[in-house]
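Take a look at the structure set out below.
Just so you know, residue 1 is the first one in the sequence shown, and it goes up from there.
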Amino acid sequence: MEVFNTFWDIINNQGIEIPPIQRDYAQGRKSEKIDNIRTKFINSMHKSLKNNEPLRLDFIYGKIYGIRNEEEHRRNKQAIDSLLRSVKDYASSIDLTFNELDIRDKSPNKEDLIYLIPLDGQQRLTTLFLLHWYLLKRLDLKENLVVLKRLDLKENLELLKRFKYKTRKSSLSFINLICSDTTIDFNKSLDEAVKDLENFSNTWLDDPTVASILVVLKAIHEIFKSESDEDIATYWERLTIDKIIFFDFF
């Protein structure tokens, strides 16, 4: 089985699901200790992208579910195809017509069958998700950049929806909202800009994961906001193509 060692590798090939039993996202909690951890981590990623220096984030431990489901799904599809061919042949032998039936997957998304549940690394994966989202949304405003000739923004935002927090429905709904085709006002504090989105529900602020994400998005923007549009495009390529920020996956 192929092993992926970047967030973008994983999200392009399967889903990532934070299950209800996992704790909430914590890197946005307000305490001096966590403030220092958050700032140090975001600064290290910014330095890596800016200076084109590889950054290794140690180990990510997780369980990949659904491999057997995918194999069983494939066998069932083959069995149904074989059964239909037999019925068609029998119908023809007794002078009956048989209309063609197209057997398709109910869901075209591979991540519905295969997904990663992180056992250790949830916090780092979530912050990496937010960094990818931030760079994409910054690029969304710059249609003249050369990088957009190779980048379908809406398609990549849809990929980010494969990152799912199942701890609460509000967490899942919030991620779906920010990964939708919405315009973010980066002239504002980013947490306020997100809360100003039309379908944002103030009840989500009671969700510790949502509240934490807003804090981290604000922190990311504070560090990256002075970067030029060309820099943001370069950072995206270094992150997703050059794979400059990576981890060991077990």
Side-chain angles (χ1 to χ4, degrees), residues 7 11 16-50 55-62 116-138 157 160-161 163-180 182-227 232 235 239 245 247:
F7 175 89
I11 213 69
I16 300 176
E17 181 177 303
I18 311 300
I21 60 171
Q22 290 278 36
R23 65 174 178 153
D24 293 295
Y25 181 47
Q27 287 193 355
R29 291 179 181 173
K30 296 181 179 180
S31 74
E32 183 177 355
K33 179 181 178 180
I34 294 179
D35 286 348
N36 290 334
I37 292 173
R38 176 175 63 250
T39 302
K40 182 179 179 181
F41 186 32
I42 297 173
N43 276 326
S44 67
M45 293 192 295
H46 177 251
K47 180 183 177 183
S48 171
L49 295 172
K50 189 176 186 66
L55 174 63
R56 180 172 174 260
L57 301 180
D58 298 321
F59 279 93
I60 299 288
Y61 297 92
L116 164 69
I117 291 184
L119 304 176
D120 181 37
Q122 167 196 349
Q123 305 296 316
R124 283 168 288 157
L125 285 171
T126 305
T127 305
L128 281 169
F129 160 76
L130 296 176
L131 177 61
H132 283 74
W133 177 88
Y134 177 82
L135 296 178
L136 270 179
K137 278 298 187 178
R138 283 283 300 269
L157 284 171
L160 287 184
K161 288 183 180 180
F163 184 79
K164 302 174 182 179
Y165 254 87
K166 292 295 187 69
T167 51
R168 292 178 178 84
K169 289 184 178 179
S170 50
S171 303
L172 184 61
S173 298
F174 172 74
I175 288 175
N176 284 334
L177 172 64
I178 64 174
C179 291
S180 61
T182 56
T183 300
I184 300 293
D185 185 357
F186 284 95
N187 293 316
K188 296 181 177 180
S189 178
L190 191 51
D191 58 330
E192 294 300 324
V194 172
K195 287 189 284 188
D196 285 344
L197 292 175
E198 182 178 357
N199 292 320
F200 182 87
S201 172
N202 286 329
T203 61
W204 295 348
L205 296 175
D206 295 327
D207 182 332
T209 290
V210 173
S212 189
I213 285 176
L214 290 171
V215 170
V216 175
L217 285 179
K218 179 180 179 180
I220 290 173
H221 187 44
E222 287 298 315
I223 293 172
F224 283 82
K225 66 181 179 182
S226 62
E227 303 289 3
I232 294 297
Y235 296 168
L239 187 63
I245 299 178
F247 44 79

Practice task
Could you pull out all residues at least two apart from K188 that satisfy side chain to side chain donor-acceptor pair (under 3.5 Å)?
Solution key: D196
Exercise for the section: Report the C-alpha distance between F174 and L197 in whole Å, list the side-chain angles of each, state the deciding distance to 0.1 Å, and finish with yes or no for side-chain contact (heavy atoms from CB on, under 4.5 Å). Expected result: CA-CA 11 Å; F174 172 74; L197 292 175; over 6 Å; no
Handout entry: Closest non-hydrogen atom pair, D120 against R124
Key = OD2-NH2, 4.0 Å
Practice task
Please report the shortest heavy-atom distance between F247 and D58, naming the atom on each side.
Solution key: CB-O, 3.2 Å
Completion exercise
For A211, the side-chain contact (heavy atoms from CB on, under 4.5 Å) test, sequence neighbours excluded, returns none
Problem - Interatomic distance, L128 atom CG to M45 atom CE [nearest 0.5 angstrom] - result: 5.5 Å
Practice task
Take T126 and V216 through the side-chain contact (heavy atoms from CB on, under 4.5 Å) test and state the conclusion after the steps.
Solution key: CA-CA 10 Å; T126 305; V216 175; over 6 Å; no
Completion exercise
One should read off an interatomic distance between F129 CZ and K164 NZ, to the nearest 0.5 angstrom, of 12.0 Å
Completion exercise
Residues C179 and L160: closest non-hydrogen pair is SG-CB, 3.8 Å
Practice task
Look only at the side chain of H221 and the backbone of L217, and say whether a donor-acceptor pair between them is shorter than 3.5 Å.
Solution key: no
Problem - Residues in salt bridge (charged side-chain N to carboxylate O under 4.0 Å, His left out) contact with D206, at least two apart in sequence or another chain - result: none
Practice task
With rounding to the nearest 0.5 Å, note down the distance linking CG in L136 to CG in L131.
Solution key: 10.0 Å
Donor-acceptor list for residues 16-29 side chains, cut-off 3.5 Å, not counting sequence neighbours:
residue, atom, partner, partner atom, Å
E17, OE1, K166, NZ, 3.4
Q22, NE2, P118, O, 2.4
D24, OD1, R168, NH1, 2.4
D24, OD1, T209, OG1, 3.0
D24, OD2, R168, NH1, 3.1
Y25, OH, T127, OG1, 2.6
Q27, OE1, T127, OG1, 2.5

Practice task
Return the set of residues passing salt bridge (charged side-chain N to carboxylate O under 4.0 Å, His left out) with K195 (not counting sequence neighbours), or none when no residue passes.
Solution key: E192
Exercise for the section: For the residue pair K161 and N176, establish whether any side-chain heavy-atom pair is separated by less than 4.5 Å. Expected result: yes
Practice task
Spell out, as yes or no, whether a donor-acceptor pair under 3.5 Å connects the side chain of K137 to the backbone of T182.
Solution key: yes
Exercise for the section: Heavy atoms only: give me the nearest L214-D191 pair and the separation to one decimal. Expected result: O-CB, 3.5 Å
Exercise for the section: Say whether, by atom type as modelled, one donor and one acceptor occur between the side chain of S48 and the main chain of S44 under 3.5 angstrom. Expected result: no
Practice task
Hey, can you tell me if F224 and Y235 have their rings parallel, tilted or perpendicular (30° and 60° cut-offs)?
Solution key: perpendicular
Handout entry: CG-CD1 distance between L57 and I245, expressed to the nearest 0.5 angstrom
Key = 6.5 Å
Exercise for the section: Could you tell me whether the side chain of L130 reaches within less than 4.5 Å of the side chain of F163, counting heavy atoms only? Expected result: no
Handout entry: 4.5 Å side-chain heavy-atom contact, V215 and R38
Key = yes
Handout entry: Heavy-atom closest contact (G121 atom, I60 atom, distance)
Key = CA-CD1, 3.6 Å
Handout entry: Aromatic plane relationship, Y61 with F59 - under 30° parallel, 30 to 60° tilted, over 60° perpendicular
Key = parallel
Exercise for the section: Please examine the side chains of I220 and H46, heavy atoms only from C-beta on, and report whether any two atoms are closer than 4.5 Å. Expected result: no
Problem - Any F7 side-chain heavy atom under 4.5 Å of L239 side chain - result: no
Practice task
Please name all residues satisfying salt bridge (charged side-chain N to carboxylate O under 4.0 Å, His left out) with K47, sequence neighbours left out, ordered by chain then number.
Solution key: none
Handout entry: side-chain hydrogen bond (donor to acceptor under 3.5 Å, both in side chains), paired with D207, selected from S170, S201, S212
Key = S170
Problem - Side-chain touch V194/I213, heavy atoms, less than 4.5 angstrom - result: no
Practice task
State the CG-CH2 distance between N199 and W204, to the nearest 0.5 angstrom.
Solution key: 7.0 Å
Problem - Backbone of I178 reached by a side-chain donor or acceptor of W133 within 3.5 Å - result: yes
